[in-house]
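Below: one structure, written as structure tokens.
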Amino acid sequence: MATYVLLPGFWLGAWAWRPVVADLRGRGHDVHALSLTGMGERAHLARPDTDLETHITDVLQLIRYEDLRDVVLVGHSYAGAVVIPSAADRMPERISRLVFIDSGPLPDGMSHAEFAPPEERARNAELVRTAGEGRELPPPPWRELASGVSGLSDDALDRLARLSVPQPWATATAPVRLTGAWERLPRLHVLCSFPVDQVLANVATVPAFRHMATDGRAYRELLGWHWPMFDRPGELAAILHDAACHPC
């Protein structure tokens with residue numbers, strides 16, 4: 001039996017992991033899906049100062065108060081880029097492995113917002129200003145994003161539209177602060193919207209990708225939508241199971 005902590009990316013809460021959680025628990029694992037402050041059932045706790053530090057604290061408190069050890073810490077998108085390396089950097093003795101779902105750890109001093117191309121960054125900032133009261137990024141048009149995605153049920157799309165909430169923007173603009181303690185942990189990257197070859201090409205030219213080319217990491221391709229917990233939950237759960245029981 002392994003212990004997992006699952007963290008979703010922008011706009012989502014623990015509810016997004018429901019099929020993956022059920023699958024992993026069916027295999028006998030201890031699984032904790034966490035809604036970060038301001039997200040999911042904790043949406044009412046969002047404040048203008050809800051930032052990356054708030055979300056890191058959420059993870060550390062869960063691990064501490066549930067007395068979790070040898071944790072397989074899983075982060076999707078935003079959570080993978082900045083939350084799980086930050087939490088592991090402060091509590092590496094409790095973590096056995098980091099799993100990045102369609103993401104990778106950003107270098108010290110970089111914010112999640114800075115990773116986006118300039119056009120997307122400007123578009124998001126304008127959405128925050130005009131539709132997010134200057135402090136949150138509204139969810140995207142899910143059905144438009146999902147156009148042409150196979151394996152995605154209407155029920156999953158309905159849940160996305162109904163349960164996703166605005167992302168506190170300070171979580172995206174706060175820079176990550178890392179000491180390097182997390183770097184000794186083994187890592188798995190589950191690649192969904194870009195293949196391994198593209199990652200390796202970016203490693204050579206884009207500084208933000210440098211942590212995806214270091215020792216102790218492995219890659220698994222699960223090519224499809226950026227949100228595999230919705231279009232390929234069974235296959236994602238199988239990869240997570242293998243990551244703990246049959247490490248690469």
Side-chain angles (χ1 to χ4, degrees), residues 4-26 31-48 50-52 54-59 61-62 66 73-84 99-103 112-113 116 120 123-124 127-128 130-172 190 192-193 222 224-237 240:
Y4 296 84
V5 171
L6 309 180
L7 308 178
F10 272 14
W11 308 297
L12 308 179
W15 59 269
W17 293 104
R18 194 173 301 150
V20 177
V21 169
D23 191 310
L24 290 173
R25 286 179 177 164
V31 188
H32 303 259
L34 179 62
S35 290
L36 300 168
T37 297
M39 314 310 298
E41 75 279 8
R42 304 179 69 203
H44 63 291
L45 299 178
R47 296 164 39 99
T50 299
D51 61 5
L52 174 59
T54 309
H55 287 175
I56 296 166
T57 301
D58 288 336
V59 180
Q61 293 291 75
L62 172 68
E66 293 293 327
L73 186 56
V74 181
H76 168 252
S77 196
Y78 152 78
V82 292
V83 181
I84 68 170
V99 181
F100 299 86
I101 308 297
D102 218 30
S103 67
H112 188 267
E120 182 181 342
R123 184 168 61 250
N124 286 341
L127 277 172
V128 170
T130 58
E133 301 180 347
R135 62 186 180 89
E136 55 191 21
L137 180 67
W142 290 113
R143 289 196 175 275
E144 181 180 322
L145 283 181
S147 177
V149 175
S150 61
L152 190 62
S153 68
D154 284 339
D155 178 65
L157 277 173
D158 287 342
R159 284 193 297 128
L160 273 166
R162 179 166 41 90
L163 299 178
S164 58
V165 298
Q167 181 77 22
W169 190 233
T171 64
V190 181
C192 305
S193 55
L222 184 61
W225 207 31
H226 177 60
W227 293 270
M229 62 282 285
F230 293 105
D231 69 324
R232 304 179 75 175
E235 291 166 271
L236 178 58
L240 294 178

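This one's a predicted model, so the numbers in the text were calculated from it and none came from an experiment. Start at 1 with the first residue, then count along the sequence.
Scanning both residues, P228 and C192, for their nearest heavy atoms gives CG-SG, 3.5 Å. Between A81 and H112, the shortest heavy-atom contact is CB-CD2, 3.8 Å. The nearest pair of heavy atoms linking G75 to S103 is O-OG, 3.9 Å. For V5 against L62, the heavy-atom pair with the smallest separation is CG1-CD2, 3.9 Å. Here the closest heavy-atom approach between residue P48 and residue A170 is recorded as O-CB, 4.2 Å. Residues S35 and M39 come closest through the heavy atom pair CB-O, 3.7 Å.
Atom CH2 of W17 sits about 9.5 Å away from atom CG of L12, to the nearest 0.5 Å. Rounding to the nearest 0.5 angstrom, the gap separating the CZ atom in R159 from the CG atom in D154 is 12.0 Å. Once rounded to the nearest 0.5 Å, the distance linking CG of L34 with CG of D58 reads 6.0 Å. Interatomic distance, L6 CG to H32 NE2, rounded to the nearest 0.5 Å: 9.5 Å. Atom-to-atom distance recorded for F230:CZ and S153:OG is 9.5 Å, nearest 0.5 angstrom. Of the inter-residue distances, the one linking F10 atom CZ with S164 atom OG reads 13.0 Å to the nearest 0.5 angstrom.
Using a 4.5 Å heavy-atom threshold, the side chains of Y78 and L52 count as touching. Between W11 and P140, some side-chain heavy-atom pair lies under the 4.5 Å cut-off. Between V20 and D23, the closest side-chain pair of non-hydrogen atoms is not below 4.5 Å. No side-chain heavy atom of R18 sits less than 4.5 Å from a side-chain heavy atom of M229. Using a 4.5 Å cut-off on side-chain heavy atoms (C-beta onward), L73 and V59 make contact. Residues H55 and T50 meet the side-chain proximity criterion, which asks for heavy atoms closer than 4.5 Å. You'll find the side chain of P139 reaches within 4.5 Å of the side chain of P166, heavy atoms only. The closest side-chain heavy-atom distance from L137 to L127 is below 4.5 Å.
With no hydrogens or angles considered, a side-chain donor-acceptor pair links S77 and H226 at under 3.5 Å.
Within a 6.0 Å radius of CZ in R143, more than 12 heavy atoms belonging to other residues, nucleotides or ligands are found.
Side-chain atoms of R232 do not come within 3.5 Å of backbone N or O of G151 as any donor-acceptor pair. Between the Y4 side chain and the L240 main chain, a donor and an acceptor come within less than 3.5 Å of each other. With T54 contributing its side chain and D51 its backbone, the two residues share a donor-acceptor pair below 3.5 Å.
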Output, in order, the C-alpha distance, side-chain angles, deciding distance and verdict of side chain to side chain contact (heavy atoms under 4.5 Å, CB included) for T171 and L36.
CA-CA 11 Å; T171 64; L36 300 168; over 6 Å; no
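Partner W227 forms a side-chain contact (heavy atoms from CB on, under 4.5 Å) with one of L145, L152, L160, V149 and no other, that one being L145.
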